[in-house]
Enquirer: 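Take this structure first; my questions come after.
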Amino acid sequence: MKYDFQTIEAKWQRTWDEQHTFRTVEDLRKRKMYILDMYPYPSGSGLHVGHPEGYTATDIYARFKRMNGFSVMHPMGWDAFGLPAERYAMQTNIHPKLTTEENVNTFRRQIKSLGLSYDWEREVNTTDPQYYRWTQWIFLEIYNAWYDRRADRACPISSLVEELEREGSAKLGLETSFSAKQWKQMSRKEQHDFLTQFRLVYSAEVPVNWCEALGTVLANEEVAEWTEKGYSVVRRPMRQWIMRITAYAERLLRDAKALDWPASTMEQQRNWIGRSEGAEIEFEVEGNQKHLSVFTTRPDTLFGATYMVLAPEHPFVAEITTDRQKISIQEYVKETSLKSDIERGTDKVKSGVFTGAYAINPVTHKKMPIWIADYVLMGYGTGAIMAVPGHDERDFEFAKVFGLEILSVVKGVEPSDGVFTEDGIAVNSSSIELSIDGLPTSKAKDQVVEWLEKKRIGKSAVQYKLRDWLFSRQRYWGEPIPIIHLEDGTAKALSTEELPLELPQLEKFQPSGTTESPLALAQDWVNVVDRETGLKGRRETNTMPQWAGSCWYYLRYLDPQNAKSFCDKEKERYWMPVDLYIGGSEHTVLHLMYARFWHKVLFDLGHLSTNEPFMKLRHQGTILGEDSRKMSKSRGNVVNPDEIVALYGADSFRLFEMFMGPLEEMKPWNTKGVEGVHRFLNRVWRLFVNNEEGILESSIIDSDPTSDFERLYHQTAKKVTEDIEALRFNTAIAQMMIFVNEATKLEQRPRQTMEKFVLLLSPFAPHICEELWTILGHGSTLAMEPWPSFDPSKAIEQEIEVVFQVNGRLRSRTFVPINTDEPGLELRALADANVKKYLDGKKIVKRIVVKNKLVNFVVAEA
RNA sequence: GCCGGGGUGGCGGAACUGGUAGACGCACAGGACUUAAAAUCCUGUAUCCUGCAAAGGGUGUGCGGGUUCAAGUCCCGCCCUCGGCACCA
């Protein structure tokens, strides 16, 4: 009987479904293993060959772990909110819910056709109100929390209110503080506005990236994606919800060290957080009471600071600008406000305008002209810098354009002309009060900071590049933000009993025409009266970004039906953290950073037992087209998994995706290669079934294996076991091919050994192995069979080849019994004809003998 | 520019802590089976030189140096490529 993969695969997929073979067994006595895939966005174009690569890898690992006696959690779900469905709705007025449902069905069917061992009873869908109810709930938890620096963790906002009621703001370390009595006398609005400064979710009028065509704002990190597609994005100020992720900058950085993540991913997260150490320094402004605060990583160059630069948006600009400069300053400020961050970055020549005002250098007491320039960003540090043109590339360029003074205060080992930005030795850095001449940079920094602190005009400081997370999107197809804007100007969060706040039904999905989302058009939904205060209010019309649902989906899988909580505490304690997480590297920064952030907040608030969600992370590499270029419709090199499965079967498809090369590497598709592994599976089939009736091959008999074949089995079991553990699937498959090649040659195939081989292959090609298992006479699935063991001592070759070298050149090779001792090896080498030829008439000056490896004679002319 | 990965046959890729480079697969060539083809099976395949052959020798892991008895693997200096960041003071 032929290897009829279509029948076999359909049969076993049905069987697994009907018998709930992969239903998660929550056995607290067993060790647990949480194996997670990044869930997909179910797009209209269906699965492509890139998705199953990661899914197959985790599936092999999950099946392997089940057979090794672990309780395995291996779920799948849908990240189904998102712009494509909404854009489709704009064009067709078909509700995104319907499109999403259809796409999910396609994805599920395709994924199921690959025989992946997911527990489908745990499927989640971010667009299901019973799911996003908890997304909204978590949002409120974050909204109703603040970051207590003293405890270095998030606490409920109620704890802050209690403290204020008890002892005022004295212990909060604010610039101006008030008493408990004063707090109680504040109006509702005043209290509300004060708390806003602390909440982990706050709203603010901020310059955002507005895309008119999409009718929405974009996060900074999303801008590039859309401008590349030809959309134009402009800066404009808008009131937005923002999450205070910056409160967690240090912990996100610090805790990453303990994670088993790819080096490049860690590196990118570190860069994204962008920690830098330095000092904050206060500068006096001539003729003004106010001080100008700057952040610098090079306090040691203070003697070389010859001018100041403010970001055009800096609040001091209007105040300090002299009348003469007013008009040109205003023009410049307006100009920059229209530029996007990207435009600001790409302008090659430095621009700026003098304010007419001067600051005083605290060590040299020299006057420093204060300029504004768009190379200084309001969002980083204090939005102002001390310019040290001698030792900073950007300041140097600026100083050259405007003819500002350039001083040299740091000397390198080698004399350099122009700007010197590295560490060196301080020079020309002496005044009556402070001298750092001759000190290396790090010492000089310390001295200056010490002096600043003594004078109370500065202190050491740490800055992060990480910005707070813009959380509002002007879209329909997202989670509604559960907040009401009351007529007195305060915001009120819904209570948890009011969740889920469902999306209103809409007839049309076009942008509202204003800066609000289409939700603004649902008048009945938007306008409400607050029961508690009787105030009129409007619901927030912005929705959450697509990242929201994926920030916690891994927790919902653990307890998907729970109506009382987002996840049962006991279940969380058992299953978390995720032991293996596999997904695309495109999520390196955003998804992984946001999810870690939410996880830490929930941890701080006592909802979770773990401080990090994903212990071990790997990325699958991109699968390129057959032409080694990125797959795309326009190139016509897209491979559809459905076609491959139809032609060669899911087992061949899975096997090939794993055989192509290392999981994390980028590699080209090759349909001929699929034929190769398909041939391999055919050979496997014929090993067991090679007759018309489809019964067991007569060569499979109950007998002991030959010692050679037994050794090969142990070698194979060892390699496959170790390689699966290390996610090296390609080499595991190569070893199984070697096994099959040898088994094919045998006339008698020992049943026991052959059965174990079926188990070894089963995580990779589960359908065919289940069928062979049945043919071998077993009554039930092999999915829970114990993983075949091996004996490392039986995997060792008895005879091994060693090489003989003369002067490091290979002259001969021969087989010797394993562990032949060194003198024995040397004797054999000396007796070797070809070696003799090269020793003839020479003197042996050195002999290197390595057991089981080689003999090397170093010779010289006699 | 900075940071991080990676350069091995015609192709995808193997190679433990420095110790036989090229496992396994694809492709290709020759052969067996067949009227023929497909399928299947067997053999060969880094490259150059000597040889009818058996065999032997040289070269070879991006390039140039170095360490070592011995380097794909370690060190120094380059080149190319992929990914990320990019006025972050």
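Each chain gets a letter, A, B and so on, in the order its sequence line appears, and its residues count up from 1.
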Enquirer: Does B/rG18 adopt a syn or an anti glycosidic conformation, taking syn as a chi angle within 90° of 0?
Expert: anti

Enquirer: Quiz question: going by heavy-atom distance under 3.5 Å, is there a donor-acceptor pair between the base of B/rC87 and the side chain of A/Lys350?
Expert: yes

Enquirer: Ignoring backbone atoms, test whether A/Arg809 places a side-chain nitrogen or oxygen under 4.0 Å from the OP1 or OP2 oxygen of B/rU59.
Expert: yes

Enquirer: Tell me whether A/Glu586 at atom CD has more than 12 heavy atoms from other residues, nucleotides or ligands lying less than 6.0 Å away.
Expert: yes

Enquirer: Please confirm whether the shortest side-chain N or O distance from A/Arg270 to OP1 or OP2 of B/rC85 is below 4.0 Å.
Expert: no

Enquirer: Taking for each residue the nucleotide of RNA chain B with the nearest heavy atom, is it A/Phe295 or A/Ser264 whose nucleotide lies nearer the 5' end?
Expert: A/Ser264

Enquirer: Output yes when a side-chain donor or acceptor of A/Glu657 lies under 3.5 Å from a complementary backbone atom of A/Glu53, and no otherwise.
Expert: yes

Enquirer: Does A/Tyr380 have a side-chain nitrogen or oxygen under 4.0 Å from the phosphate oxygens OP1 or OP2 of B/rC87?
Expert: no

Enquirer: Can you give one letter per nucleotide of nucleotides 69-75 of chain B, going 5' to 3': B for a protein heavy atom under 4.0 Å from the base, S for sugar-phosphate only, - for none?
Expert: B------

Enquirer: For the pair made of CG in A/Leu292 and C1' in B/rA89, what is the distance, rounded to whole Å?
Expert: 13 Å

Enquirer: Which dot-bracket notation, 5' to 3', represents the base pairing of RNA chain B when pairs are defined as Watson-Crick or G-U with both distances under 3.5 Å, crossing pairs as [ ], and inter-strand pairs as |?
Expert: (((((((..(((......[....))).(((((.......))))).(((((....)))))..(((((..]....))))))))))))....

Enquirer: Tell me whether A/Arg811 forms a cation-pi arrangement with A/Tyr838, defined as NZ or CZ under 6.0 Å from the six-membered ring centre and within 45 degrees of its axis.
Expert: yes

Enquirer: Going by atom types only, do A/Gln715 and A/Glu797 share a side-chain donor-acceptor pair under 3.5 Å?
Expert: yes

Enquirer: Would you call A/Lys745 and A/Glu742 a salt bridge, using N to O less than 4.0 angstrom?
Expert: yes

Enquirer: Tell me whether the guanidinium CZ or amine NZ of A/Arg629 lies under 6.0 angstrom from the six-membered ring centre of A/Trp669 and within 45° of its axis.
Expert: no

Enquirer: Check whether any side-chain nitrogen or oxygen of A/Arg683 sits under 4.0 Å from OP1 or OP2 of B/rC41, and answer yes or no.
Expert: yes

Enquirer: Is there a residue in residues 723-733 of chain A whose heavy atoms reach under 4.0 Å of RNA chain B, and which residues are they?
Expert: A/Asn730, A/Thr731

Enquirer: Is a donor on one side and an acceptor on the other found under 3.5 Å between the side chain of A/Asp468 and the backbone of A/Thr246?
Expert: yes

